[in-house]
Amino acid sequence: MSMESCSKLLSRIKRIRPCLLDMKTGCPYVIRRFTSELKGMMPIKPLDGIRVLDLTRVLAGPFATMILGDLGAEVIKVERPGLGDDTREWGPPFVHKESAYFLSVNRNKKSIAVNFKDPKGAKLITELARSCDVLVENYLPGKLDEMGLGYKDMSEAVPQIIYCSITGYGQTGPKSHKPGYDSIASAMSGMMHITGPEDGDPVRPGVAMTDLATGLYAQGAVMAGLLQRQKTGRGLHIDCNLLSSQVACLTHIAANYLNAGKEARRWGTAHESIVPYQGFKTKDGYIVVAAGNDQQFVKVCKVLNLNELAENPKYKTNTLRVQHRKELLQLLAERFSMESTAKWLRHFEGTGVPCGPINTIQQVFSDPQVVHNGLILEMDHPTSGRIAVPGPAVRFNSFEFDKPAPPPVIGQHTVEVLKGILGYSDDVINQLLTSRTVSQNTVY
């Protein structure tokens, strides 16, 4: 190793020194990170050396742990023998025997199949946690406590663990005992109340945004927990839930009510406080135009060849346009309907007015910017062949999201993890397989 490389390595070791001082607690991250630093000083990802024990299923939890995996963490996904994550059966469509749903949120993970309702399985999970930095679970409050895997027991066994719980409503409170579902939390949080046609019924968002928002909150909280552990040497418990996540995401809608007593309503594609700022039907599709100030409104009128509207005293300011919303939008809608979406986009090009088409999913993944941003991530799955999923939304200049590991089949890595991480002998592993405490999948 060159002197320059040694100097870089020394500076990196100094940055993680607070954790090095706490080696007696068994902080596993340090040794794995140190080892990765020695491998030729190659570019590393932010979470290289971090190991995550993933006890989650469905969407919010797996989405969070997938992001951690994208950032370099080793994610060990624990699944039920023979059944696995619920979403493995959520189809059609299926790609071979795996659902497209499951494939979308489980890349960069290793799957082990463990029955931790069996005391031997629960003991195995605890032993595995001792070699991990993070544990993420989404069971009902108290469920894992019954098996000795709740935060209290786990923190005593593994003081440095960052333990993240994802539930429907939180660890305590009048609804904490209820299971969490995206659609229910979306309804209870007011999200459905403000989503849908202006004069129509409440609408569930087209993708489970409450689950996904919760997964993003959980991922961020885990990162914060890891930073705090560097300072204290100890882990912590993170209480993350669907209801709180979605209520927090109400932002200005919530502030309007809390500060001004203003109840929200549905606006379709329109904006309550800005006009025009919505979708318009064209001859062959839809276009969204967002005139966020008076100057942009003038430009919209010019593009539409409706300059008289820009001169009309009723529409001079946004406040006035909001007051006269109905009649103005009717005039704009009539004009937009006369030409195709593509033609309007060409007319608006270079004007500075924000606009864009309402794409179908096919059109989304044909969009040159989507392709350029690397949002189509392809990989070879052990049983499904070549698959594609949405790629990471965030990019870094120090590393690439290249060669992701495909979503695993159930129990694909059971033996690998038991041997490589826990050091179990072949005899012990065979006993666990025979007793069905664990299972493995060799069809890949």
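In this chain, residues are counted from 1 in sequence order.
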Donor-acceptor under 3.5 Å (H193 side chain, A264 main chain): yes
Apply side-chain hydrogen bond (donor to acceptor under 3.5 Å, both in side chains) to residues N373 and Q369 and explain how you reach the verdict. CA-CA 6 Å; N373 287 356; Q369 189 64 49; 2.9 Å; yes
Heavy-atom side-chain contact between M191 and P205 under 4.5 Å: yes
Hey, are the side chains of Y169 and P174 touching, using non-hydrogen atoms and a 4.5 Å cut-off? no
Can you confirm whether more than 12 heavy atoms, excluding those of E156, are under 6.0 Å from its CD atom? yes
Please determine, by modelled atom types, if T210 and Q246 share a side-chain donor-acceptor pair under 3.5 angstrom. yes
Considering residues, nucleotides and ligands other than F94, do more than 12 of their heavy atoms fall under 6.0 Å from its CZ? yes
Could you tell me whether E198 and R265 make a salt bridge, using a distance below 4.0 angstrom between a side-chain N and a carboxylate O? yes
Heavy-atom check, side chain of I429 versus side chain of K419, under 4.5 Å: yes
What I want to find out is whether D70 reaches K45 closely enough, with some N-O distance under 4.0 Å, to be called a salt bridge. no
Would you confirm whether H96, through its side chain, and E98, through its main-chain N or O, come within 3.5 Å as a donor-acceptor pair? no
Testing the basics here: between T56 and D85, what is the closest heavy-atom pair and its distance to 0.1 Å? O-OD2, 4.1 Å
Could you check whether Y424 and E127, counting side-chain N and O atoms only, form a donor-acceptor pair closer than 3.5 Å? yes
Looking only at non-hydrogen atoms, find the nearest pair between L345 and G356 and report the distance. CD2-CA, 4.0 Å
Would you call E137 and K143 a salt bridge, taking side-chain N to carboxylate O under 4.0 Å as the test? no
Indicate yes or no for a side-chain donor-acceptor contact from T341 to the backbone of T282 under 3.5 Å, with no hydrogens or angles considered. no
Does G411 offer a backbone N or O that forms a donor-acceptor pair with the side chain of S111 under 3.5 Å? yes
Taking T87's backbone N and O only, do any of them form a donor-acceptor pair with S99's side chain (distance below 3.5 Å, no angle check)? yes
Okay, side chain of T414, backbone of S439: is any donor-acceptor separation there less than 3.5 Å? yes
Chi angles and distances behind the side chain to side chain contact (heavy atoms under 4.5 Å, CB included) call for R204, M192: CA-CA 6 Å; R204 174 184 176 275; M192 283 193 190; 3.8 Å; yes
Aromatic Y257 / basic K262 pairing, under 6.0 angstrom, 45° off normal: no
Salt bridge (charged side-chain N to carboxylate O under 4.0 Å, His left out), that's the test. Do D201 and R266 meet it? Break it down for me. CA-CA 9 Å; D201 295 329; R266 291 180 288 285; 5.8 Å; no
Give the ring-plane orientation class for W344 versus F348, where under 30° counts as parallel, over 60° as perpendicular and anything between as tilted. tilted
Interatomic distance, CD@E79 vs CG@L83, rounded to 0.5 Å, equals 10.0 Å
Distance in Å, C164 SG paired with Q219 CD, rounded so as to fall on 0.5 Å steps: 10.5 Å
Please check if atom NZ in K281 has more than 12 non-hydrogen atoms from other residues, nucleotides or ligands closer than 6.0 Å. yes
Close side-chain approach of I112 to V438, heavy-atom, < 4.5 Å: no
Can you tell me if NZ on K299 sees more than 12 non-hydrogen neighbours from other groups inside 6.0 Å? yes
Polar side-chain atom of N106 near backbone of P407 as donor-acceptor pair, under 3.5 Å: no
dist S104:OG -> I387:CD1 (nearest 0.5 Å) comes out at 9.5 Å
Please answer whether the main-chain N or O of S131 pairs with a side-chain N or O of R51 as donor and acceptor at a distance below 3.5 Å. yes
Taking the side chain as every heavy atom from C-beta outward, state whether I76 and H413 have any pair of such atoms under 4.5 Å apart. no
Is there side-chain contact between M223 and L68, with at least one heavy-atom pair below 4.5 Å? yes
Heavy atoms of P390 and R107 approach each other most closely as O-NH1, 3.1 Å
R321 and P276: which non-hydrogen atoms are nearest, and at how many Å? NE-CD, 4.3 Å
Are more than 12 heavy atoms, taken from residues, nucleotides or ligands other than F401, located less than 6.0 Å from that residue's CZ atom? yes
Any donor-acceptor pair under 3.5 Å from N108 side chain to G72 backbone: no
Closest non-hydrogen atoms of A208 and L59, given as atom of the first, atom of the second and distance, are CB-CD2, 3.6 Å
For a quick check under 3.5 Å, do T437 and S435 share a side-chain donor-acceptor pair by atom type? yes
Output every pair passing ring pair (Phe, Tyr, Trp, His ring centres under 6.0 Å) with a member in residues 213-247, not counting sequence neighbours, ordered by first then second residue. Y151-H237, Y163-H237
Roughly how far, to the nearest 0.5 Å, is OG of S186 from CG of L242? 10.0 Å
Does a salt bridge link D86 with R80, judged by any charged N lying under 4.0 Å from a carboxylate O? yes
With no hydrogens and no angle check, do the side chains of T65 and K77 hold a donor and an acceptor under 3.5 Å apart? no
Could you check if a side-chain atom of L140 sits within less than 4.5 angstrom of a side-chain atom of T167, using non-hydrogen atoms only? no
Got more than 12 heavy atoms from elsewhere within 6.0 Å of CD, Q171? yes
Quick check: do Q278 and H271 have side-chain heavy atoms less than 4.5 Å from each other? no
Face-on cation placement of R57 at F102 ring, 6.0 Å and 45° thresholds: no
Over all atoms of both residues, closest heavy-atom pair of V289 and V353: CG1-CG1, 3.9 Å
Quick check against the 3.5 Å criterion: does R229 have a side-chain atom that pairs as donor or acceptor with the backbone of L236? no
Separation between NZ of K123 and CD1 of I125, rounded to the nearest 0.5 Å: 13.5 Å
Evaluate the ring planes of F336 and F280, with Trp represented by its six-membered ring, and classify them as parallel (under 30°), tilted (30 to 60°) or perpendicular (over 60°). parallel
